[in-house]
Amino acid sequence: MRIFNTYLYEVSKGTKPVALITCDDFLRERIVKKLEKEKMHFVLQDVCEGKTNIFFGVKECIQVIKKIAVKPLNELSIEEDFILGTILGYDVRLQCRRFLEKSA
């Protein structure tokens with residue numbers, strides 16, 4: 001919850017457009033209630049039994065993630081992986097390097 005609260009603060013203050021947290025299912029309901037209370041846009045993605053990815057942040061980014069994250073993250077195309085990493089605020093240069101390595 002500590003990491004979630006830090007990310008929620010960063011997203012709500014505008015220093016981060018979107019955050020991703022993977023949580024155990026016993027925390028899922030608690031996190032969703034807090035996101036709803038804060039009127040934060042979010043999308044849930046089942047990872048495996050007992051684990052959920054929760055993406056949350058600005059509306060436009062979450063709309064894009066809803067179109068991309070329709071399958072497990074390890075099954076994303078290299079283009080989808082690049083877009084998602086960029087939206088999440090990962091270093092663009094490293095994302096470009098990762099894209100080039102995967103496309104080679």
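- Ion pairing between D46 and R28 holds under the 4.0 Å rule for side-chain N and carboxylate O.
- Just one residue in the list L20, I31, T22 forms a side chain to side chain contact (heavy atoms under 4.5 Å, CB included) with I54, and that residue is I31.
- Interatomic distance, NE2 of H41 versus CD1 of I65, reported as 12.5 Å (0.5 Å rounding).
- Within a 6.0 Å radius of CD in E75, other residues, nucleotides and ligands contribute more than 12 heavy atoms.
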Verdict with supporting geometry, K59 and Q63, side chain to side chain contact (heavy atoms under 4.5 Å, CB included): CA-CA 6 Å; K59 179 181 178 181; Q63 288 175 324; 3.5 Å; yes

Verdict with supporting geometry, K33 and E29, salt bridge (Lys or Arg N to Asp or Glu O under 4.0 Å): CA-CA 6 Å; K33 282 183 182 180; E29 185 178 333; 3.2 Å; yes

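- The heavy-atom pair separating I78 from S103 by the smallest distance is CD1-CB, 3.4 Å.
- Both V18 and V64 belong to a single network of hydrophobic side chains, linked directly or stepwise wherever heavy atoms of I, L, V, M, F, W or Y lie under 4.5 Å apart.
- Taken together through direct or relayed side-chain contacts under 4.5 Å among Ile, Leu, Val, Met, Phe, Trp and Tyr, L27 and V47 form parts of separate hydrophobic clusters.
- The two residues G57 and V11 have their closest heavy-atom pair at CA-CG1, 3.5 Å.
- Heavy atoms from other residues, nucleotides or ligands lying under 6.0 Å from CD1 of I3 number 12 at most.
- Under the 4.0 Å criterion applied to side-chain N and carboxylate O atoms, K51 and D25 are not assigned as salt-bridge partners.
- Judged purely by atom type and a 3.5 angstrom limit, D24 has no side-chain atom pairing as donor or acceptor with the backbone of F26.
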Step-by-step salt bridge (Lys or Arg N to Asp or Glu O under 4.0 Å) determination, R98 to D81: CA-CA 9 Å; R98 177 180 166 103; D81 181 75; 2.7 Å; yes

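- Tracing side-chain contacts under 4.5 Å through hydrophobic residues (I, L, V, M, F, W, Y), one never reaches F99 starting from I83; they form parts of separate clusters.
- Interatomic distance, NZ of K34 versus CZ of F56, reported as 10.0 Å (0.5 Å rounding).
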Side chain to side chain contact (heavy atoms under 4.5 Å, CB included) assessment of F55 paired with L84: CA-CA 11 Å; F55 298 89; L84 184 59; 3.9 Å; yes

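- Hydrophobic clustering, with ILVMFWY side chains joined whenever heavy atoms are under 4.5 angstrom apart, groups I68 together with V43.
- Between K71 and Q45, the shortest heavy-atom distance links the atoms O-NE2, 2.7 Å.
- Of all heavy-atom pairs between L88 and A19, the closest is CD2-C, 4.0 Å.
- Follow the hydrophobic side-chain contacts under 4.5 Å out from V58 and you never reach F42; the two are in separate clusters.
- Both tests hold for K16 against Y7: distance to the six-membered ring centre under 6.0 Å, angle to the ring axis within 45°.
- A donor-acceptor pair is defined here as one N or O able to donate and one able to accept, closer than 3.5 Å; such a pair exists between the side chain of T6 and the backbone of R2.
- Pairing each heavy atom of M40 with each of L8, the nearest pair is CE-CD1, 3.6 Å.
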Trace of the side chain to side chain contact (heavy atoms under 4.5 Å, CB included) decision for F82 with C96: CA-CA 7 Å; F82 180 83; C96 289; 3.9 Å; yes

